Amino acid sequence: MKKMKQLILVGTMILASLALTGCGTTTINLNDYVSIIEDGYDTAGVAKYVFDYEKFEEDYDGKIKKDGKEVTVETFLDKCVNMSLSVESGLSNGDTVTLVWDCNDERASENYGCKLKYSDITYKITELDVPEKFNPFDYTMVKFNGEAPNGTATMQKDASCEEMRWVEFKIDKSKELKNGDVITVTASIAQGEAEFAEKFGKVLGETTKQFTVEGLDEYYLSMEDVPEAAFELLKQEGIGIVKKSTEKWENPSRLQEISYVGYIYGVNESMPNRNTVRLIYKVTADNSELEYYYYVTYGGVHYKADGTWGTNGSGGCNDRFSKDNHLYYGWEDLNKMCDALEATYGKEHVITTDIQR
């Protein structure tokens, strides 16, 4: 499967015999001994340079001297010659790679009597195999857990897919999520793209994907966030609770009207329930002198993952007053009741109300 291409960096190989110039100076054309090979797959290709040490030794062994003494070609090359490629990996067909020399010409001349001849070479990548595209998002799903605004996101991979064992995911934001947030997931090859391409003949076709957070239980942080339909159901349920409290009257049939007055909404995001809502009702009997206020408490009004809404519990008013030797649950004075209810919230709560007093 591998394809290898060798480039002789000078148009034709010149004879590697010593070229003597001046006072016994040896001219060495380094480009005669270097080749570049390309390997791998398009977008994940690699390039390497190859220096023909065997040929260099054949041409110069015993001919390089220092202070009149012979020096091994290994010592000479180590002291005077260095090279590198501008890029070595992640290559695609059409990319170019430059071989860059970094030689110590002064040392080669003064210590070894050699003049180095070389030039940087640009090489074009053309023969990498084209791999199959592999989309890791076809074998995974994002899972949202917890409750907004503190939801979390995790990636679940199909373990039966061997390629997925090489893929890892990074989520730009995996905590403190709420419904409607958008997260970006980035896929990469943990062991290296070149190794992945070599093993499977594939490269990643899609590396990033966005997901919209959904399905989290979400506690409403203001009454304005509560859907109108849910709010109406809350009010109707509250009326039922108020009416049940009037069944304790000596004559329940005297009940004339239960009317909704407004709400007191307290939010503390550090508490499990997040919110506590009091719906206020006015109760009127056929005796016009009997008129008072009653509240219903809901804890943790929230959106549920199944698309419905709910609460973490509800309760009626436990406060009582006497009138004409009869005991009633509720308050005669709206202002006093609202003051008392607001006082029950801690200082960490943010309180809103639409009750006109």
Side-chain angles (χ1 to χ4, degrees), residues 41 43-44 89-90 92 131-227 229-230 265-277 298-313 346-350 352:
Y41 291 84
T43 74
S89 61
S92 302
E132 178 184 343
K133 301 287 188 179
F134 175 75
N135 187 351
F137 295 102
D138 290 341
Y139 300 89
T140 190
M141 63 176 293
V142 62
K143 186 170 181 61
F144 300 112
N145 301 287
E147 302 167 344
N150 295 308
T152 61
T154 55
M155 300 300 294
Q156 294 185 334
K157 298 192 294 186
D158 181 356
S160 66
C161 177
E162 186 176 358
E163 289 89 338
M164 290 302 294
R165 300 174 188 174
W166 288 56
V167 179
E168 62 182 9
F169 294 97
K170 182 178 180 180
I171 306 174
D172 65 338
K173 183 181 180 181
S174 60
K175 299 179 180 179
E176 298 181 351
L177 299 174
K178 62 181 183 300
N179 293 311
D181 285 349
V182 177
I183 63 173
T184 299
V185 180
T186 302
S188 61
I189 303 300
Q191 294 93 328
E193 294 183 2
E195 291 79 2
F196 183 80
E198 179 68 24
K199 181 173 179 61
F200 299 104
K202 301 176 182 179
V203 293
L204 293 184
E206 186 173 0
T207 57
T208 61
K209 189 172 183 178
Q210 290 187 325
F211 296 88
T212 300
V213 180
E214 59 183 3
L216 296 175
D217 285 1
E218 183 168 1
Y219 288 87
Y220 300 115
L221 301 183
S222 73
M223 184 59 83
E224 286 73 20
D225 294 333
V226 181
Y265 200 100
V267 173
N268 182 351
E269 295 187 45
S270 65
M271 294 181 61
N273 273 351
R274 304 292 198 286
N275 61 61
T276 302
V277 184
Y298 291 98
V301 181
H302 63 278
Y303 170 87
K304 298 170 67 175
D306 61 6
T308 62
W309 65 274
T311 69
N312 290 343
K347 62 180 181 180
E348 298 84 4
H349 283 77
V350 176
T352 57

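None of the values given here were measured: they were computed from a predicted structure.
To the nearest 0.5 Å, atom CG of residue Asp181 and atom CD of residue Glu214 are 12.0 Å apart. Of the inter-residue distances, the one linking Asp158 atom CG with Arg165 atom CZ reads 9.5 Å to the nearest 0.5 angstrom. To the nearest 0.5 Å, the span separating NZ on Lys143 from CE on Met155 amounts to 12.5 Å.
Under the side-chain hydrogen bond (donor to acceptor under 3.5 Å, both in side chains) criterion, Asn312 pairs with Tyr219, Asn273, sequence neighbours left out. With sequence neighbours excluded, the residues forming a side-chain contact (heavy atoms from CB on, under 4.5 Å) with Thr212 are Val182, listed by chain and number. Not counting sequence neighbours, the partners of Met271 by the side-chain contact (heavy atoms from CB on, under 4.5 Å) test are Asn268, His349. Every residue two or more places apart in sequence or in another chain that forms a side-chain contact (heavy atoms from CB on, under 4.5 Å) with Glu218 is listed here: Ala148, Lys178, Asn179, Tyr303. Residues satisfying the side-chain hydrogen bond (donor to acceptor under 3.5 Å, both in side chains) criterion with Glu206, sequence neighbours excluded, are Asn135.
With contacts defined as side-chain heavy-atom distances shorter than 4.5 Å, the pair Arg274/Glu147 qualifies. Thr152 has its side chain out of reach of Leu177: every pair of non-hydrogen atoms, C-beta onward, lies at least 4.5 Å apart. No side-chain heavy atom of Val142 sits less than 4.5 Å from a side-chain heavy atom of Thr154. For the pair Met164/Pro136, a side-chain contact is recorded, criterion being any heavy-atom separation below 4.5 Å from C-beta on. Looking at heavy atoms from C-beta onward, Gln210 lies out of side-chain contact with Ile183 at the 4.5 angstrom threshold. Considering only heavy atoms from C-beta on, Asn150 stays 4.5 Å or farther from Lys175 through its side chain.
Note: Tyr139 and Phe134 have parallel aromatic rings, judged against thresholds of 30 and 60 degrees for the angle between ring planes.
Across Gly146 and Leu216, no two heavy atoms sit closer than the pair O-CD2, 3.5 Å. The minimum heavy-atom distance linking Leu221 with Val267 is given by the pair O-CG2, 3.2 Å. Listed here is the closest heavy atom pair of Tyr265 and Asn275: OH-ND2, 3.4 Å. Heavy-atom minimum distance, Leu204 versus Ala187: CD1-O, 3.9 Å. In terms of heavy-atom proximity, Ala44 sits nearest to Val203 at CB-CG1, 4.1 Å. The shortest non-hydrogen separation linking Thr207 to Phe137 is C-CE1, 3.9 Å.
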Worked check of side-chain contact (heavy atoms from CB on, under 4.5 Å) between Phe200 and Glu162 | CA-CA 9 Å; Phe200 299 104; Glu162 186 176 358; 4.0 Å; yes

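The aromatic ring centroids of Trp309 and Tyr220 lie 6.0 Å or more from each other.
For Glu193, the CD atom sits in a loose shell: 12 or fewer heavy atoms of surrounding residues, nucleotides or ligands are nearer than 6.0 Å.
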Side-chain donor-acceptor pairs under 3.5 Å in residues 167-174, sequence neighbours left out?
from   : atom 1 : to     : atom 2 : distance (Å)
Asp172 : OD1    : Thr184 : N      : 2.8
Lys173 : NZ     : Glu176 : O      : 3.4

